[in-house]
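Let me begin by presenting the structure, written as structure tokens, before commenting on it.
Bear in mind that the values here come from a model prediction, so they are computed numbers and not experimental data.
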Amino acid sequence: MLEIHPEPAASPDARRLLEGMVREMLDLYAMEEMPTPAGFDDLEPATGGTFLVGRDGGRAVAGGALKRLEPGVAEIKRMYVTPDARGQGHARRMLIALEEAARELGYQRVRLDTGASQPHARALYESSGFRAIDDYNDNPLAAYWGEKAL
């Protein structure tokens with residue numbers, strides 16, 4: 001069972017998850033570097049954000065973040081499940097936990113994006129109630145932008 005808790009984005013497990021996500025995106029999109037760096041400062045409670053780590057049997061296998069976009073609106077970022085832990089519903093559980101964390105932080109809406117090479121992510125978001133919106137962040141890798149009222 002996946003246990004999800006907030007953790008500093010700079011913690012060893014969070015960094016490992018973020019680094020895994022970055023490596024996978026670089027391979028998936030045939031890039032040498034990410035167009036937007038995966039920093040940590042915007043993912044901390046002091047800036048209206050948070051980072052969640054999901055552990056299965058004590059091992060960190062999933063992560064995801066919230067970043068403040070504007071009053072009442074947060075962005076879900078850097079959701080990732082390690083390849084060996086996929087297919088067990090962890091991504092959906094992480095998405096639900098991020099939505100709950102956003103509510104607890106006082107957000108009324110969440111936004112996110114995903115790229116054309118990640119149709120499984122888009123399917124997850126749409127099946128979870130996200131609706132397509134216009135590009136809100138100029139992410140050059142994104143092909144889908146979604147929003148959900150909480």
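The two residues Tyr29 and Ser117 come nearest to each other via the heavy atoms OH-N, 3.2 Å. Between Leu66 and Ala74 the shortest heavy-atom distance is CD2-CB, 4.3 Å. Between Ala121 and Thr114, the shortest heavy-atom contact is CB-OG1, 3.5 Å. Summarising the geometry of Leu2 relative to Gly54, their closest heavy-atom pair is CD1-C, 3.6 Å, with the distance given to 0.1 Å. The minimum heavy-atom distance linking Pro8 with Ala14 is given by the pair O-CB, 3.5 Å. In terms of heavy-atom proximity, Ala101 sits nearest to Thr50 at CB-CG2, 4.2 Å.
The OG atom of Ser128 lies 11.5 Å from the CG atom of Leu98; values are rounded to the nearest 0.5 Å. Remark: Glu99 CD to Lys148 NZ distance equals 3.5 Å, nearest 0.5 Å. Separating the CZ atom in Arg78 from the CZ atom in Phe51 is a distance of 8.5 Å, to the nearest 0.5 Å. Between the CD atom in Glu100 and the CD1 atom in Ile4 there is a gap of 11.5 Å [rounded to 0.5 Å]. For the atom pair CG of Asn137 and CD of Glu75, the computed distance is 5.5 Å after rounding to the nearest 0.5 Å. Atom CZ of Arg92 sits about 11.0 Å away from atom OH of Tyr125, to the nearest 0.5 Å.
Val81 and Val53 fall into different hydrophobic clusters, where Ile, Leu, Val, Met, Phe, Trp and Tyr residues are linked whenever their side-chain heavy atoms come under 4.5 Å apart, directly or through other members. Follow the hydrophobic side-chain contacts under 4.5 Å out from Leu105 and you reach Leu112 in the same cluster. Leu28 and Leu141 fall within the same hydrophobic cluster, where Ile, Leu, Val, Met, Phe, Trp and Tyr residues are linked whenever their side-chain heavy atoms come under 4.5 Å apart, directly or through other members.
Applying the 4.5 Å side-chain rule to ILVMFWY residues, one finds that Met1 remains a lone member of its cluster. Cluster partners of Val73, using a side-chain heavy-atom cutoff of under 4.5 Å among ILVMFWY residues and allowing indirect links, are Leu69, Ile133, Tyr136, Trp145.
Counting only distance, with no hydrogens or angles, the side chain of Glu126 and the backbone of Ala123 share no donor-acceptor pair below 3.5 Å. Without hydrogens or angle criteria, Arg109 side chain to Ala149 main chain gives no donor-acceptor distance under 3.5 Å.
Looking only at side-chain heavy atoms (C-beta outward), Lys67 and Thr47 stay at 4.5 Å or farther from each other. Between Tyr144 and Gln118, every side-chain heavy-atom pair lies at or beyond the 4.5 Å cut-off.
Ser11 and Asp13 form no side-chain donor-acceptor contact under 3.5 Å, judged by distance and modelled atom types alone. For the residue pair Arg16/Thr82, the side-chain donor-acceptor check at 3.5 Å is not satisfied.
Scored by the salt bridge (Lys or Arg N to Asp or Glu O under 4.0 Å) test, Asp56 finds no partners at all (sequence neighbours excluded). In this structure, Gln108 has no side chain to side chain donor-acceptor pair (under 3.5 Å) partners at least two apart in sequence or on a different chain. Not counting sequence neighbours, Asp134 has no partner by the side chain to side chain donor-acceptor pair (under 3.5 Å) test.
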What side-chain donor-acceptor pairs closer than 3.5 Å can you find for residues 18-27, not counting sequence neighbours?
{"unit_1": "Glu24", "atom_1": "OE1", "unit_2": "Arg86", "atom_2": "NH2", "d": "2.6"}
{"unit_1": "Glu24", "atom_1": "OE2", "unit_2": "Arg86", "atom_2": "NH1", "d": "3.3"}
{"unit_1": "Glu24", "atom_1": "OE2", "unit_2": "Arg86", "atom_2": "NH2", "d": "3.1"}

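The side-chain contact (heavy atoms from CB on, under 4.5 Å) test with Val61 is passed by exactly one of Gln88, His90, Arg55, Met94: His90.
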Does the salt bridge (charged side-chain N to carboxylate O under 4.0 Å, His left out) test come out yes or no for Arg122 and Asp113, once each step is laid out?
CA-CA 8 Å; Arg122 180 175 179 168; Asp113 66 39; over 6 Å; no
Please determine whether side-chain contact (heavy atoms from CB on, under 4.5 Å) holds for the pair Met79 and Leu124, giving the CA-CA distance in whole Å, both sets of side-chain angles, and the decisive distance to 0.1 Å.
CA-CA 12 Å; Met79 267 190 52; Leu124 170 65; 4.2 Å; yes
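Around atom CD of Glu3, no more than 12 heavy atoms belonging to other residues, nucleotides or ligands sit under 6.0 Å away.
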